[in-house]
Amino acid sequence: SAVISQKPSRDICQRGTSLTIQCQVDSQVTMMFWYRQQPGQSLTLIATANQGSEATYESGFVIDKFPISRPNLTFSTLTVSNMSPEDSSIYLCSVEEGAETQYFGPGTRLLVL
Amino acid sequence: QKEVEQNSGPLSVPEGAIASLNCTYSDRGSQSFFWYRQYSGKSPELIMSIYSNGDKEDGRFTAQLNKASQYVSLLIRDSQPSDSATYLCAVRGAGGSYIPTFGRGTSLIVHP
C-alpha cells in the first residue's frame, strides 16, 4: 500500500488563525480525500481533492473554510481557516488504491484555543 | 441518507475468546464492505474487505456478509490484548457512489 505522511502531526492554534496541513504520498494516486474525526466520533469526509480542478466538498463543508490544493498526483494540502475551538479535531488524509480500498495517513491532531 | 450502524461498546472479552463485532447498513445496493482497526491516537488501518455473501477468513479474522439482512460482522478468534482498539465498519455503494460511509466504531477491550 501507499505510504502517506502528514505534516504537522499536531498543533495548538489560537482562534481566528489558519493552519495548512500537508499530505504527501510516495506514489501517484488518483483519489485523495480529507476527513475529520472528532473525539468519540467516526470519520466525516470533508472533501475529495481532485488533481487539476477544484475539490469536491461534502454537505456542511465549504471552500472558504477548508480550501484544498492538489497540485499533482502525490501531494495535497488542507487549510483550516479562521479557526474556532469547534475545529479541534483529527484531520486525516486518505488515498484510494486498487480494489476500492482507502488507506489513511497518520493524521494531524489540532487543538484550537 | 446512507447509514452504517455499530454498537459503540465497549465490548469486553477475555483473552483467548472470540470477539464478535457487528455492523448494519441502510443502503441495500451496497457492494463493498470494509473493517478498519483504529488504535487510540492512531489512524485507521484496513484489516478486512469483503464483497460477496458468506465468510472470508484471514488469519484470526473472519468477515461475514449477509446482504439480504444488510449486516456485516467481524469475528476475531483467540483475542489478544493487542486487539484492543476501535473497529470501524465502512460500506461503499454502487452506481458511482465511490465514497464509503463509516460507522462510529465499536470499542473492543480484551482483558488478560
Side-chain angles (χ1 to χ4, degrees), chain A residues 1-11 21 23-25 29-50 55-61 68 78 88-111, chain B residues 1-10 21-27 29-52 56 58 63 65 72 85-108:
Chain A
S1 62
V3 176
I4 308 167
S5 60
Q6 283 185 237
K7 288 195 295 187
S9 60
R10 61 180 66 241
D11 209 341
I21 302 168
C23 177
Q24 180 75 54
V25 189
V29 293
T30 302
M31 306 299 295
M32 291 183 76
F33 308 91
W34 286 99
Y35 285 84
R36 182 172 73 182
Q37 187 176 34
Q38 296 183 308
Q41 302 296 314
S42 188
L43 302 166
T44 301
L45 181 65
I46 297 171
T48 302
N50 304 307
T56 304
Y57 290 84
E58 297 299 303
S59 175
F61 297 96
I68 287 171
L78 169 75
S88 298
S89 187
I90 299 172
Y91 291 85
L92 293 155
C93 170
S94 167
V95 304
E96 181 177 280
E97 284 195 344
E100 309 175 315
T101 304
Q102 286 196 321
Y103 296 93
F104 290 87
T108 296
R109 285 148 186 80
L110 172 62
L111 176 62
Chain B
Q1 182 162 345
K2 300 172 184 176
E3 295 182 347
V4 177
E5 300 288 341
Q6 295 182 257
N7 188 320
S8 61
L21 305 163
N22 300 312
C23 170
T24 60
Y25 58 95
S26 62
D27 181 9
S30 298
Q31 297 292 323
S32 309
F33 307 84
F34 308 90
W35 283 99
Y36 287 82
R37 178 176 62 200
Q38 186 173 25
Y39 291 114
S40 180
K42 301 294 185 182
S43 60
E45 58 177 321
L46 179 70
I47 54 173
M48 289 284 288
S49 58
I50 187 167
Y51 302 95
S52 38
K56 179 182 178 182
D58 184 359
L65 175 60
V72 56
T86 296
Y87 289 80
L88 301 171
C89 173
V91 176
R92 188 171 188 161
S97 175
Y98 56 84
I99 306 296
T101 301
F102 285 84
R104 286 188 156 196
T106 298
S107 174
L108 173 66

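Note that the structure is a prediction, hence the values are computed from the model and not measured. So that the names make sense, note that chain A is the first sequence line, chain B the second, and so on, each numbered from 1.
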(message) Which residue is it: A:Q41, A:R36, A:R109? I am looking for the one with a side-chain contact (heavy atoms from CB on, under 4.5 Å) to A:I90.
(response) A:R109
(request) Grab the two heavy atoms, one from A:V95 and one from A:A2, that are nearest each other, plus how far apart they are. (result) CG2-CB, 4.2 Å
(message) If I measure from the heavy atoms of chain A, does B:Q38 come under 4.5 Å with its side chain, its backbone, both, or neither?
(response) side chain
(message) If you count heavy atoms of other groups shown closer than 6.0 angstrom to CZ of B:R104, is the number above 12?
(response) no
(request) Could you check if a side-chain atom of A:L92 sits within less than 4.5 angstrom of a side-chain atom of B:P44, using non-hydrogen atoms only? (result) yes
(request) Return the option, out of B:A90, B:S32, B:G41, B:S107, with the maximum number of heavy-atom pairs under 4.5 Å with chain A. (result) B:G41
(request) Count the heavy-atom pairs under 4.5 Å between each of B:S49, B:G105, B:G103 and chain A, then report the option with the highest count. (result) B:G103
